[in-house]
Amino acid sequence: MPQIAKVIVDVPTMQTNRPYDYQVPDTLLDHIQPGMRVAVPFGKGDRLIQGFILTIQDQANFEGQLKPITAVIDLQPAVNSELLQLSSWLAERTYAFQITCLQTMLPSVMRAKYSKTAQLVDEIDPALQASLFNGNDELTFDQSLAPDKLKQLMHLQRQGKLEVVYHVDDRARVKQLTAIEPALSFEQLEEARTGLRKSAQKQQQLISYLQSLIGQPNPLLKDVLATTIFTRENIKTGADKGWLRQVKVEAYRNPYPKTVTTTQKMALTDEQKRAVDAVVTATQNQSDRVFLVEGITGSGKTEVYLQTIDAVLQQAKTALMLVPEIALTPQMVKRVKGRFGDQVAVLHSGLSEGEKYDEWRRIERKEASVVVGARSAVFAPLENIGVIIMDEEHEASYKQDESPRYHARDVAIWRSQYHHCPVILGSATPSLESRARAQKGVYQLLRLTQRINQQPLPAVELVDMRVAMKQQASSNFSPALLDALKDRLQKGEQSVLLLNRRGFSSFIMCRDCGFVLQCPNCDISLTLHMDTHSMKCHYCGHEEAIPRTCPNCQSRQIRYFGTGTQKVEAELQELIPTARILRMDVDTTRKKGAHAKLLKRFGDHDADILLGTQMIAKGLDFPDVTLVGVINADTALGLPDFRASERTFQLLTQVSGRAGRADKTGAVIVQSFNPENYAIQFAKQHDYEGFYQYEMAVRHRGGYPPYYFTVQLTISHPEEALAAKKSFQIARQLRPVLSDQAIVLGPTPKSIARINNRYFYQIVIKYKQEPQLQAKLAEILETTQIDTRHGFKIGLDNEPLQFT
DNA sequence: AGCACGCCGACT
DNA sequence: GTCGGCGTGCTC
């Protein structure tokens with residue numbers, strides 16, 4: 001019976017976003033399986049591309065002549081049945097191509113690279129061969145190939161003297177090392193010894209050494225050379241005489257070679273114990289319940305995760321723990337590895353491609369049963385998952401900002417339903433979406449209100465910058481903050497300074513009264529557009545002139561808001577010349593490992609003040625930091641995004657938690673032009689619940705998530721008028737299928753209206769229940785496919801986090 | 001994406 | 001007359 005494989009091909013377009021039928025050659029029949037990568041001919045020229053086998057069946061849907069699969073790339077399926085199903089779901093939910101989803105789930109080295117070579121199949125003029133092929137008979141096509149040479153090649157191809165050969169290169173390489181293995185038995189070696197001269201001391205010793213290896217695991221050559229008296233030459237002699245064999249062994253690139261000190265379970269508080277018990281009970285009952293652990297900083301959320309993982313491992317299941325990229329510090333890894341040892345695999349962007357591949361293989365081979373990783377680790381090929389944990393679940397980095405625009409939280413919940421296991425979402429400041437679900441009973445709320453060390457949360461002092469500016473204009477430092485910094489310097493204690501860089505220069509604020517220009521219709525800040533010299537609302541398109549004086553207090557001190565870290569560093573150095581300042585921002589942490597190095601230097605007291613952007617707010621824990629200063633609390637508030645308050649609250653709460661975590665009490669100083677703003681006030685009080693209630697009312701009033709679902713369409717074109725026209729055309733198509741409950745915002749131009757010479761427009765749909773919406777959006781994507789030929793790009797983001 | 005087919009302007 | 005421009009259609 002002929003076997004037909006349904007293959008998803010690596011051609012990310014709308015038209016090819018479906019399985020293609022291929023014939024399975026008899027030679028491949030016995031080991032081909034769904035989930036394997038294959039190389040298949042595709043299109044007129046039969047160029048070779050990578051594909052994924054979805055299913056194997058005995059009937060083809062396609063009427064025409066089927067092409068055979070050229071080769072199977074994998075020995076084992078690269079994607080198991082669960083992840084295959086997940087890729088379909090993900091493609092549908094995020095409006096992405098299934099091939100893009102499949103590639104996203106795998107380490108990047110498993111994505112094929114393509115190349116094309118020209119191969120001579122007949123004799124040609126030797127002079128031509130010399131000039132074209134440099135004397136060889138093969139030549140790779142690349143961008144450096146001159147057009148006239150290309151012409152000559154095509155001519156030869158038409159004459160049948162040259163063939164174009166396509167290559168699919170799997171870059172997934174297994175690292176191999178050489179090991180030493182005795183080739184003879186103990187007795188045979190002894191026999192070999194008798195043939196030696198007495199003086200051949202080294203060889204005698206080598207034989208004894210080989211005898212001692214029998215029954216032992218084969219040592220690596222490099223270890224033998226490093227730890228024994230034998231040289232490379234001795235080993236070679238042994239191999240030549242047939243005493244030993246040099247064998248290739250697979251090795252993992254180990255990103256954490258240092259042995260970690262084991263750590264012990266900590267005693268749990270009653271609250272922690274209750275949380276662990278609740279989740280562990282769920283794991284025993286195979287329940288796919290979602291728990292929201294709302295725990296203040298220092299309440300020991302991590303210990304709850306670790307003990308839950310421990311219980312899950314005892315049930316012979318596996319565990320997946322997601323952590324935001326910036327929180328995935330060496331300290332964090334050490335803590336988990338210290339508890340669970342070598343069965344932990346770590347996946348994050350700091351690893352090389354090869355290291356990621358090796359960690360992935362360890363998981364796939366069931367050598368690792370605990371996975372710790374950032375967003376994409378949610379696709380780790382674990383089987384029999386017992387719990388999925390997502391720390392800092394409110395973090396925006398869990399949402400991928402390119403296709404497939406998935407949220408790791410949604411994937412985690414999907415997988416938990418597949419594995420019948422619970423999910424823990426943990427945060428000191430849960431996203432409103434999650435907290436609201438806990439309110440409705442969709443998730444189960446577990447609160448940790450006590451700090452482990454029984455210390456009070458640090459006192460937060462608000463400094464009104466409107467007042468400070470009057471005394472000392474144009475300084476980023478209020479007298480209060482400056483005095484506190486000097487005080488810590490004198491005591492030999494450390495300080496952390498946060499510069500909030502979000503919303504840099506994009507909005508304007510009055511320096512006298514803190515007034516931020518708002519849209520009259522939307523309760524959202526207007527964004528400054530320098531290209532059109534106007535203030536615009538990104539939601540409704542409202543536009544007005546840039547004010548010269550403050551509409552609130554008539555001051556002329558109304559201007560763009562924003563400051564860079566370098567400028568602040570220079571200013572601070574001038575104000576406190578003796579302070580050793582460490583600056584941490586995108587510029588100083590670009591290189592691999594730079595982030596960790598900076599943190600280590602600070603931990604080693606190489607500096608007194610750590611100055612940085614948001615990245616300093618996460619997870620770092622230095623016992624000698626007794627002061628946290630926030631230079632500008634309000635910049636995020638000026639963003640044209642309804643989540644601005646939520647982000648500000650989260651950020652302030654997080655940095656506050658950095659102060660005085662050990663025995664020393666900490667202080668927090670927050671500079672703000674809007675000290676009365678509710679997000680800042682609730683953060684000062686460490687009152688998440690209060691903020692949650694208040695913000696929910698604001699969201700309710702404005703009709704924003706979690707009261708509404710949202711979906712964002714982005715339309716772009718090199719010509720602005722065409723982008724605008726197409727957007728309105730799409731909006732017109734949408735309205736008829738929507739109910740009265742749905743709200744269509746826009747089309748409006750995006751805040752950065754032009755990127756790479758393309759003009760961007762967006763449409764945001766807010767809705768509660770629109771059964772027809774998903775299908776209509778998919779249809780729009782389909783029908784606008786023709787337009788991509790004419791320079792249009794249409795993108796869809798389900799539940800966007802960024803509205804800029 | 002990338003390849004072939006197809007239909008119009010400036011060259012041997 | 002042909003070479004080659006890129007608009008259009010299709011890929012099992």
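Every chain is numbered from 1 and lettered A, B, ... according to where its sequence line falls, protein lines coming before strand lines. Worth knowing before you read on, the calculation uses all heavy atoms, side chains too, and leaves out hydrogens, waters and symmetry mates.
- Between A:His407 and A:Tyr398, the ring-plane angle classifies as tilted under the 30° and 60° cut-offs.
- The side chain of A:Tyr166 approaches B:dC3 more closely than any other nucleotide in the set B:dC3, C:dC12, C:dG9.
- Atom-to-atom, NZ of A:Lys6 to C1' of C:dT11 comes out at 15 Å; the value is rounded to the nearest Å.
- Residue contacts shown for A:Pro41 are limited to sugar-phosphate atoms, with no base heavy atom under 4.0 Å away.
- Atom CE in A:Met14 sits roughly 19 Å away from atom C1' in B:dG2 (whole-Å rounding).
- Taking the six-membered ring for Trp, A:Phe642 and A:Tyr708 have ring centres at least 6.0 Å apart.
- Comparing atom distances between the A:Tyr22 side chain and each of C:dT11, B:dA4, C:dC12 picks out C:dC12 as nearest.
- Distance from the side chain of A:His790 is smallest to C:dT8 among C:dT8, C:dC12, B:dA4.
- Between A:Phe141 atom CZ and B:dG2 atom P the separation is 13 Å, expressed in whole Å.
- For A:Arg789, whose side chain is taken as the heavy atoms from C-beta onward, the closest listed nucleotide among B:dA1, C:dC12, C:dG9 is C:dG9.
- Between B:dC3 and A:Lys116, a contact under 4.0 Å exists linking OP1 or OP2 to a side-chain N or O.
- By the 5.5 Å and 30° criteria, A:Tyr20 is not stacked with the base of C:dC12.
- The nearest whole Å value for the distance from the CZ atom in A:Phe97 to the C1' atom in B:dA1 is 11 Å.
- Taking atom CG of residue A:Leu48 and atom P of nucleotide B:dC3, one finds them 12 Å apart after rounding to whole Å.
- Residues A:Glu359 and A:Arg362 are paired through a salt bridge, judged by an N-O separation under 4.0 Å between the basic side chain and the carboxylate.
- Salt bridge status for A:Arg365 with A:Glu250: present, with a side-chain N to carboxylate O gap under 4.0 Å.
- The separation between A:Ile49 atom CD1 and B:dG2 atom P is 10 Å, rounded to whole Å.
- If you check B:dA4, B:dG2, C:dT11 against the side chain of A:Gln15, the one that comes closest is C:dT11.
- Considering A:Lys399, A:Arg375, A:Arg409 as possible partners of A:Glu393, the one that fulfils the salt bridge (Lys or Arg N to Asp or Glu O under 4.0 Å) test is A:Arg409.
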